[in-house]
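See below for the structure under consideration.
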Amino acid sequence: MNSVPAPDGAPAVLQTTGLARSFTQGETTIHVLRGVDLAVRPGEIVALLGPSGSGKSTLLQAVGLLEGGFSGSIRIAGTEAAKLDAAGRTALRRDRLGFVYQFHHLLPDFNAIENVVLPQLIQGAERAPAEERAAALLTALGVGHRLTHRPSALSGGEQQRVAVARALANRPALVLADEPTGNLDEATADRVLAEFLRLVRGEGSAALVATHNERLAARMDRVVRLHEGQLEGAA
Ligand SMILES: Nc1ncnc2c1ncn2[C@@H]1O[C@H](COP(=O)(O)OP(=O)(O)O)[C@@H](O)[C@H]1O
Ligand SMILES: [Mg+2]
């Protein structure tokens, strides 16, 4: 199957077709995703809106190639994920995707700059330019004065800013963010989301951002809604 080109001819950074996922526990099977068709274009920021339990995290986990168990097609930057072995999926994740979670998931024994340097070193970068990029990203997010603080010495908003910098460190084509400000108070959430959107736009990455917050979703380029396992408003 060919990926659907965006209007300007560039291939979608993400294309799911008929994506389905069920969970069976005992004698009960719940069909969480029932055929999700979604295209995210280069540089586009899409809000994935739905109430708690609607399957937002399940969708992001499938697209993030973090677990199998789904059916249908997931193409990332033109590559069909189902055709890859574990090493291929790991490489695709490392080189094309960035992740931001509701809870920061930073490495507790490493300070802020090291948390942003490490993914670059794993990808093969030299230390000096990796540190330079990490410092630039953290400074752009307003935490340039917290480079040597460990996560436990940072506020919730600062932790999420470091997590955003880490997600962007390897210049991903697509950032997957699962309620990235869901753990913050409203004022901090607004500021962190604004900085996240500005940085993602500045870097030219695309993003798929799960949220149950209509107000936050309205600040993104496009909103798609998960309803009974399918998307409304998807292109
Ligand atoms: N590993 C799992 N095993 C069984 N059920 C699951 C699992 N993960 C998610 N679910 C179920 O899938 C539904 C959607 O969950 P989730 O994707 O976390 O929704 P959201 O992120 O929108 O709140 C829920 O009913 C949840 O209980
Ligand atoms: Mg969730």
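When a ligand or atom number is given, it counts from 1 through the structure's own listing order. Quick note: numbers below take in every heavy atom, side chains included, and nothing from hydrogens, waters or symmetry partners. Numbers here simply count residues along the sequence, with the first being 1.
At a threshold of 4.5 Å between non-hydrogen side-chain atoms, the residues D178 and V100 do not count as touching. Residues Q160 and T188 have side chains not in contact (no heavy-atom distance under 4.5 Å, counting atoms from C-beta outward). In this structure the side chain of L14 reaches within 4.5 angstrom of the side chain of L38, judged on heavy atoms.
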**Asked** Under the side-chain hydrogen bond (donor to acceptor under 3.5 Å, both in side chains) criterion, do D37 and T17 qualify, and how do the steps go?
**Response** CA-CA 5 Å; D37 300 324; T17 312; 5.0 Å; no
**Request:** For the pair Q61 and F70, evaluate side chain to side chain contact (heavy atoms under 4.5 Å, CB included) and give the outcome as yes or no after the intermediate values.
**Result:** CA-CA 10 Å; Q61 272 164 25; F70 57 83; over 6 Å; no
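Taking a heavy-atom cut-off of under 4.0 Å, ligand 1 is surrounded by F23, Q25, I30, V32, P51, S52, G53, S54, G55, K56, S57, T58.
The Mg ion (ligand 2) has S57 OG as its protein N, O or S neighbours under 2.8 Å.
Note that CG of L48 is 11.0 Å distant from CZ of R225, once rounded to the nearest 0.5 Å.
A salt bridge is absent between E114 and R150; no separation between the charged side-chain nitrogens and carboxylate oxygens falls under 4.0 Å. Salt-bridge formation is not detected for the pair E186/R191: no Lys NZ or Arg NE/NH1/NH2 atom is positioned less than 4.0 Å from an Asp or Glu carboxylate oxygen.
Using cut-offs of 30° and 60° on the angle between ring planes, the pair H105 and Y101 is perpendicular.
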